[in-house]
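Everything on this sheet refers to the single structure shown next.
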Protein chains: 2
Amino acid sequence: MLQRRIDDHAPPSRESMREAQDIFYKHLKRVGLKHTDQRDTILRTFLETRDHLSTDELFRLVRKKDAKIGFTTVYRTLKLLAECGLASAVPFPDGMARYEHQFNRRNHHHMVCTECDASVEFFSPEVNKLEEEIGRKYHFDATRHNFQIYGICEDCRKRTRRPI
Amino acid sequence: MLQRRIDDHAPPSRESMREAQDIFYKHLKRVGLKHTDQRDTILRTFLETRDHLSTDELFRLVRKKDAKIGFTTVYRTLKLLAECGLASAVPFPDGMARYEHQFNRRNHHHMVCTECDASVEFFSPEVNKLEEEIGRKYHFDATRHNFQIYGICEDCRKRTRRPI
DNA sequence: AATGAAAATGAAAATCATTTTCATTTAGGG
DNA sequence: CCCTAAATGAAAATGATTTTCATTTTCATT
């Protein structure tokens, strides 16, 4: 899926990588699961991305690093990552399950173009504030949120000569 | 899917029903499609709901009115309704495609409990304002948005004795 | 009202993402 | 080093969604 961003992307530092691994392995220990090379590779691959990855897309990336890792393992690991908060599902209109990693990532939101399906990230502290306020108002223990704006991106508007 | 609301639900008035049908049939005409009883029944059934319906759930409702209407037709009609803006997909964590109708419906948002999957609607004019502002800021022709807050609802919190 | 071309319908089949099964291998505490 | 519980991954199962296709219906035009 085409994606653009309004900020730049640096690969995760060695320290933040280690920190994320720490979270992951503490979670594994807590629920009585084991540390494996496959899980390690999958986590590292995932952290290096910034996209909204489907299981299959992550699988393809993982395969480049270790061709012996199977789809099923990626699928299961992604679920584990979501369990411990390192990954979270992002609902996109294409209906496929997509995940993005949540580690050292400023809370961000998406604008999705309904013409070309491209998604652009943006940041809005106001939205974060709203989450908090609304949770309080309705006695809901809010932990995260999801905000997407749908519409026509600038490129598509230009292409189809449809001014705002 | 369990759903609660913070406002009351009245069935659509005869006029708004007609208005929606008008939108639908104008759209059909525009793209060279035909008016059929099935499409009529499906649209009417859909407008009478206020839920986040999967295709199958709508199909079951439609079947009560006309048992001869097939799943495929409901599926295809729902797509048509989405095309002309009368329906829109709501991404829920269960992964199934869910639609809600957009006709004469105040713009609303959802709080989804990650414990029991219940969803509660809420209204926030601020979110609508944000959509507009952000669209302007990033030169994005925003037409609609999607805002969901995930967390633990009051009931689940009480049940598990986990105070805020 | 009759005609005919284009579209709609719906049952069944196909597709495709996701999940489970199961035989085998591996991790890691004792 | 051993042993047991867990992990792996290939293949099969599942389940939602989409397509196919033979038949029926719509509707613009006679």
Side-chain angles (χ1 to χ4, degrees), chain A residues 1 21 24-43 45 52-84 87-99 117, chain B residues 1 21 24-43 45 52-84 87-99 117:
Chain A
M1 182 193 282
Q21 285 177 343
F24 187 36
Y25 290 121
K26 283 213 173 93
H27 174 72
L28 290 181
K29 195 147 250 177
R30 188 167 45 246
V31 295
L33 304 179
K34 289 169 180 172
H35 181 170
T36 67
D37 287 349
Q38 289 94 328
R39 284 175 176 167
D40 221 43
T41 303
I42 293 165
L43 172 60
T45 308
H52 314 116
L53 293 172
S54 66
T55 310
D56 193 62
E57 283 164 356
L58 181 59
F59 168 61
R60 284 162 202 277
L61 291 177
V62 165
R63 205 164 45 174
K64 286 185 195 164
K65 298 202 175 173
D66 181 347
K68 294 188 303 305
I69 298 180
F71 176 86
T72 316
T73 304
V74 173
Y75 161 78
R76 283 185 284 222
T77 305
L78 213 31
K79 267 191 139 176
L80 287 172
L81 293 175
E83 266 176 33
C84 64
S88 69
V90 193
F92 271 90
D94 71 358
M96 232 186 316
R98 290 179 177 279
Y99 295 83
D117 267 350
Chain B
M1 183 193 284
Q21 286 176 342
F24 187 36
Y25 289 120
K26 282 212 173 94
H27 173 73
L28 290 182
K29 195 147 249 179
R30 186 167 46 246
V31 294
L33 303 180
K34 287 168 181 173
H35 183 170
T36 67
D37 287 349
Q38 289 94 326
R39 285 175 174 166
D40 220 41
T41 303
I42 294 165
L43 172 59
T45 308
H52 314 117
L53 293 172
S54 66
T55 310
D56 193 63
E57 283 164 356
L58 181 59
F59 168 61
R60 284 161 201 279
L61 291 177
V62 165
R63 207 166 40 175
K64 286 185 196 162
K65 298 200 174 172
D66 181 347
K68 294 188 302 307
I69 296 180
F71 176 87
T72 315
T73 304
V74 173
Y75 161 79
R76 283 185 283 222
T77 304
L78 212 32
K79 268 191 138 178
L80 287 172
L81 292 174
E83 265 175 34
C84 64
S88 69
V90 194
F92 271 90
D94 71 356
M96 230 185 319
R98 288 179 178 281
Y99 295 83
D117 267 351

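All values reported here derive from a predicted model rather than from experimental measurement. Throughout, protein chains are lettered first and strands after them, A, B, ... in sequence-line order, and every chain is numbered starting at 1. Just the heavy atoms: all of them, side chains too, but no hydrogens, waters or symmetry mates, feed the values below.
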Watson-Crick/G-U partner (both atom distances under 3.5 Å) of C:dG30
D:dC1

Under a 3.5 Å limit on both distances, the Watson-Crick or wobble mate of C:dT19 is D:dA12

Identify whether any heavy atom of A:Arg39 sits under 4.0 Å from a base atom; if not, whether one sits that close to sugar-phosphate; answer base, sugar-phosphate or nothing.
sugar-phosphate

Residue A:Tyr75, side-chain atoms from C-beta onward, closest of C:dT20, D:dT17, C:dA27:
C:dT20

Between P of C:dA7 and NE2 of B:His35, the distance in whole Å
17 Å

Counting just side-chain N and O atoms, does A:Gln38 come under 4.0 Å of either OP1 or OP2 of D:dG9?
yes

Rounded to the nearest angstrom, tell me the gap between atom NZ in B:Lys79 and atom C1' in C:dA8.
16 Å

Whole-Å distance, B:Arg76 CZ to C:dA12 C1', equals 12 Å

Rounded to the nearest Å, what distance is computed from the CG atom of residue A:Leu78 to the C1' atom of nucleotide D:dA7?
17 Å

Check whether any side-chain nitrogen or oxygen of A:Thr73 sits under 4.0 Å from OP1 or OP2 of D:dG9, and answer yes or no.
yes

Could you tell me the Watson-Crick or G-U partner of D:dT29, where both distances fall under 3.5 Å? Say none if there is no partner.
C:dA2

Where A:Phe59 and A:Ile69 come nearest, the two heavy atoms and their spacing:
CE1-O, 3.3 Å

Nearest 0.5 Å, please: how far is CD1 in A:Ile42 from CZ in A:Arg76?
9.5 Å

Both B:Lys29 and B:Ala97 contact DNA chain D. Taking the nearest nucleotide for each, which residue is further toward the 5' end?
B:Ala97

Spacing of CG belonging to B:Leu28 relative to OG1 belonging to B:Thr36, to within rounding of 0.5 Å
8.0 Å

Got a donor-acceptor contact below 3.5 angstrom from the B:Arg63 side chain to the B:Phe71 backbone?
no

Atom CZ of A:Phe71 and atom C1' of D:dA11: how far apart are they, to the nearest Å?
13 Å

Separation of D:dA7 atom P from A:Asp37 atom CG, nearest Å, is 14 Å

What about A:Lys34, does its side chain sit under 3.5 Å from the base of D:dA6 through a donor-acceptor pair?
no

Within this structure, what is the OH-CG distance for the pair A:Tyr75 and A:Leu58, rounded to the nearest 0.5 Å?
14.0 Å

Per atom distances to the B:Leu33 side chain, the nearest of D:dA7, C:dA7, D:dT26 is C:dA7

Whole angstrom value for the distance that separates P of D:dG15 from CZ of B:Phe59:
17 Å

In whole angstroms, how far is the P atom of C:dA17 from the CD atom of A:Glu57?
10 Å

Using a 4.0 Å heavy-atom cut-off, does B:Thr72 contact any base of the nucleic acid, only the sugar-phosphate backbone, or nothing at all?
base

